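Labels below follow one simple rule: chain letters A, B, ... track the order of the sequence lines, proteins then strands, and each chain is numbered from 1. Worth saying up front: this structure is predicted, and the values here are computed from it rather than measured.
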Amino acid sequence: MAHSQGWVKRYLKAFCKGFFVAVPVAVTFLDRVACVARVEGASMQPSLNPGGSQSSDVVLLNHWKVRNFEVQRGDIVSLVTIGHKNRYVKVPRGHIWVEGDHHGHSFDSNSFGPVSLGLLHAHATHILWPPERWQKLESVLPPERLPVQSEEECLLGSL
Amino acid sequence: MLRGVLGKIFRLVGYTVQYGCIAHCAFEYVGGVVMCSGPSMEPTIQNSDIVFAENLSRHFYGIQRGDIVIAKSPSDPKSNICKRVIGLEGDKILSNSPSDFFKSHSYVPTGHVWLEGDNLQNSTDSRYYGPVPYGLIRGRIFFKIWPLSDFGFLRDSPNGHRFSDD
């Protein structure tokens, strides 16, 4: 009886000792030295993910090389961002999704979500001033902002 | 003799690595003690004050308007700045001094915050370098340890009128 209790106690002691060594060392290594990650998406083709959805590249993210923030032009880097939780947004019936042309500098649906049609005020159709910019405003949807699914169902949300 | 010395050196290196890693994890994921320098947060935080920063809020997106945060400097990634969060993403920010006739304002873009020091006359902050990405925030300062005459939780902003949502 006493022998098995001593065995359990020694096991727990060894476990805690190992845990408090292994976990901080592993976490520090992954944060400061290097870790691996799978590449998603087609934004870096043909360098990364040339096969598209068939095979995703797995890359080594080398923290140690950038510990002094030294990078050269042409380097492929990964950045810390607060990712938008929903990349794709379903615009509900009776709503519209509005965006300014200058991404990142526009307070629009990427910030406040879809807008109810009842709030629609007007359609800007022409530029009247200055005279050298007199023109009819064309309805142009940028090709990279086309809806992902059918028109009435879905609109590509934040990038 | 040599084996004894080598053994001691390895043990020393082992302990240094182990405690270094524990220190990294503690500061990165829990919090730590920070010494602030500079006049930009007076009177809330004076030069050479020692404060306690917690790093849990930024991982759980719990940073709010009015919090004092430590962040990496946008212009120099190796140094840190200590400012108050005036606006979160989407907030309307008065970007001109009150003396201008046409008050102009801008909106804080997504994924960014607007930081200002409490000592508005003597602070380089978002009024100078623009909105700061949320990813640069490292922790939230909430408690002052030194000097002992000012021991305790930190005060609210003395510049209440900068919060344009109120």
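- With a 6.0 Å radius and a threshold of 12 heavy atoms from other residues, nucleotides or ligands, B/Phe143 has its CZ atom above the threshold.
- In the hydrophobic clustering of ILVMFWY residues, with side-chain heavy atoms under 4.5 Å counting as a link, B/Tyr61 and B/Leu115 come out together.
- Residue with the most contacts toward chain A among B/Val17, B/Ile22, B/Leu136: B/Ile22 (heavy-atom pairs, distance under 4.5 Å).
- Residue-environment remark: CZ (B/Phe151) exceeds the threshold of 12 foreign heavy atoms within 6.0 Å.
- Atoms NZ and CD, from A/Lys17 and B/Gln18 in turn, are 8.5 Å apart once rounded to the nearest 0.5 Å.
- If you take CG on A/Asp31 and CD on B/Glu28, they are separated by 5.5 Å, rounding to the nearest 0.5 Å.
- At a threshold of 4.5 Å between non-hydrogen side-chain atoms, the residues A/Thr28 and B/Cys25 count as touching.
- In this structure, no portion of B/Tyr19 lies under 4.5 Å from any heavy atom of chain A.
- Side-chain heavy atoms closer than 4.5 Å link hydrophobic residues (I, L, V, M, F, W, Y) into clusters, and following such links, possibly through other members, connects B/Phe52 to B/Leu148.
- Tracing side-chain contacts under 4.5 Å through hydrophobic residues (I, L, V, M, F, W, Y), one never reaches B/Phe153 starting from B/Met41; they form parts of separate clusters.
- Neither the backbone nor the side chain of A/Phe29 has a heavy atom closer than 4.5 Å to any heavy atom of chain B.
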